[in-house]
Amino acid sequence: MGSFFILGGNKINGEISIGGAKNAALPILAACILIDGEKTIKNVPNISDVRVAVDILRDLGLKVLHEKNTVTISGKISKNTISKKYSEKMRSSITFLGAILGKLGEGECYFPGGCPLGERPIELHKKGFLELGFEVIEETEKLICKNKNDNKSRIGANIFLDFPSVGATQNIILASVYAKGSTIITNAAKEPEIVDMVNFLNACGARIKGAGTDEVIIEGVAENSLKGCEYIVMPDRIIAGTYMAAAAITNGSLILKDVYPYDVYPIKEKFINMGIAVTINKNSIAINAEKPIRKVKIRTGTHPGFPTDMQAQTMALLTQAEGTSEIEENIFEARDKHVKELIKMGANITSMLNGRHFIIKGKANLKGTKVLAEDLRGGASLVIAALAAEGKTEIKGIEHIERGYENIVGDLNKVGANIRFIN
Ligand code: UD1
């Protein structure tokens with residue numbers, strides 16, 4: 001797959017435009033299964049996870065035209081099973097099951113398989129499907145959802161989630177759009193990407209209220225009544241945060257254009273606590289990190305808490321803070337693959353509570369070496385650390401980084417980094 005070679009020490013300075021959000025584009029592409037007529041989705045990041053999503057849609061029988069950042073979808077699905085080869089490639093393939101159930105009233109998917117972030121159970125997805133009236137059967141490799149109702153109809157339900165899971169919230173919304181009556185999700189996830197998926201569904205004729213709050217109400221509409229539209233995916237708040245950390249670790253300054261600043265508030269607050277100047281404008285964020293970075297304590301949480309998807313990148317930044325910082329990872333049980341690689345580069349990080357609590361002592365002298373990206377955001381954290389390291393860092397496992405960043409090399413080189421991709 002090749003490697004990134006990064007020569008550290010250059011200051012980041014300039015302007016980057018932020019593209020569409022992976023975590024909004026994927027459920028929006030899944031939602032297209034529910035909708036008749038042509039759908040044109042713009043600002044879709046051209047990343048490997050999106051290419052898997054396009055393969056899933058084609059495999060289900062839809063006609064998909066994928067040109068750079070635009071995906072146009074037409075036709076109808078002709079089968080109700082997500083093939084094993086795609087389920088294995090992408091964990092969020094399970095979100096396509098909710099849309100299949102919403103459209104056809106029955107469906108199957110293979111288990112997404114192991115995950116570098118630890119055990120990732122799906123009992124909340126299953127609970128949602130069960131309460132919507134599906135018979136949920138678990139085989140060794142497969143999840144099968146059958147439907148004994150007349151005409152395989154879906155029936156609205158009141159569903160309480162004991163944890164606000166993003167994927168389960170999306171799956172329940174997708175499965176209940178055509179349900180008879182209303183579905184109420186209590187303790188729903190509030191992430192902005194859920195709001196974006198719901199805005200798309202509503203633009204196509206769905207009646208969903210409360211997205212972005214902890215109670216989402218889906219009023220079922222007539223079967224197959226949703227009609228295609230053109231939709232622009234929201235900007236990626238995690239890419240924005242990643243580039244903010246990249247600029248800050250080099251004591252640089254950066255303007256991020258085409259962002260929704262409000263969605264970046266939880267990240268912005270911590271950056272301000274670190275002594276970094278952050279200025280918010282209508283669709284842009286400017287940061288200036290000329291002053292020394294200050295230590296902070298961070299607890300990841302569900303939105304609007306600090307996003308777990310920014311934990312690793314912020315940890316890389318905190319290796320350069322004055323004093324001792326702490327990070328508590330509260331969402332995933334094993335989101336720590338980057339820690340040993342950062343330590344290889346010279347970071348002083350102690351991991352406690354089985355990788356849920358980290359003590360980061362700054363300011364460390366990072367040195368370039370060979371490191372391995374084992375997951376998407378952990379990989380991005382190594383890019384950030386390498387920008388501040390003395391000498392050359394080689395990052396392997398970059399296919400993980402390319403799952404979520406369309407052009408991290410081009411973007412950062414444009415603002416002063418020295419990164420080469422060598423195959
Ligand atoms: C989504 C995002 C991911 C982000 C995460 C949390 C996408 C494609 N991915 O993942 O980038 O890190 O939200 O913001 O949008 N859980 C259960 N049982 C379940 C479902 C989840 O215990 O049935 C647990 C998970 O194991 C995990 C936590 O809940 O520890 C969060 O998972 P969830 O919110 O579902 O995240 P994803 O939708 O998988």
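Order of appearance sets the numbers: ligands from 1, and atoms from 1 within every ligand.
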- Query: Based purely on interatomic distance, does L124 place a nitrogen or oxygen under 3.5 Å from a nitrogen or oxygen of ligand 1?
  - Reply: yes
Within 4.0 Å of some non-hydrogen atom of I122, the atoms of ligand 1 are 19 (C), 23 (O)
Within the 4.0 Å heavy-atom cut-off, what V166 brings close to ligand 1 is both
Honestly, for I331 the part within reach of ligand 1 (heavy atoms, under 4.0 Å) is both
query: Is the closest heavy-atom distance from R335 to ligand 1 below 4.0 Å?
result: yes
Per-atom filter on ligand 1: closer than 4.0 angstrom to a heavy atom of G167 are 35 (O), 38 (O)
The atoms of ligand 1 lying under 4.0 Å from a heavy atom of F163, numbered in the order shown, are 28 (C), 29 (O), 31 (C)
Worksheet item: Have D411 and Y243 got a donor and an acceptor in their side chains that come within less than 3.5 Å?
Response: yes
Can you confirm, on distance only, whether ligand 1 has an N/O atom lying under 3.5 Å from any N/O atom belonging to E333?
no
Practice prompt. Please answer whether the main-chain N or O of L101 pairs with a side-chain N or O of R154 as donor and acceptor at a distance below 3.5 Å.
Written response: yes
| request: Report yes or no: does a heavy atom of P121 sit under 4.0 Å from some atom of ligand 1? | output: yes
Looking at ligand 1, is there an atom of it that comes within less than 4.0 Å of some heavy atom belonging to E123?
yes
Short side-chain to backbone donor-acceptor contact, E329 and I331, under 3.5 Å = yes
Practice prompt. Check the pair Y231 / D196 against side-chain hydrogen bond (donor to acceptor under 3.5 Å, both in side chains), numbers first and verdict last.
Written response: CA-CA 10 Å; Y231 193 78; D196 209 40; 2.7 Å; yes
Worksheet entry | D309 N/O to ligand 1 N/O under 3.5 Å | yes
_Taking atom NZ as the centre, does K257 end up with more than 12 heavy-atom neighbours from other residues, nucleotides or ligands that are less than 6.0 angstrom away?_
no
Quick check: does any side chain N or O of Q313 sit under 3.5 Å from a backbone N or O of A380, one acting as donor and the other as acceptor?
no
Check your understanding: Is atom NZ of K63 surrounded by more than 12 heavy atoms (other residues, nucleotides or ligands) closer than 6.0 Å?
Key -> no
- Query: Mind checking whether N23 has an N or O less than 3.5 Å away from an N or O of ligand 1?
  - Reply: yes
Quick note, salt bridge (Lys or Arg N to Asp or Glu O under 4.0 Å) partners involving residues 175-195, not counting sequence neighbours, are E193-R237
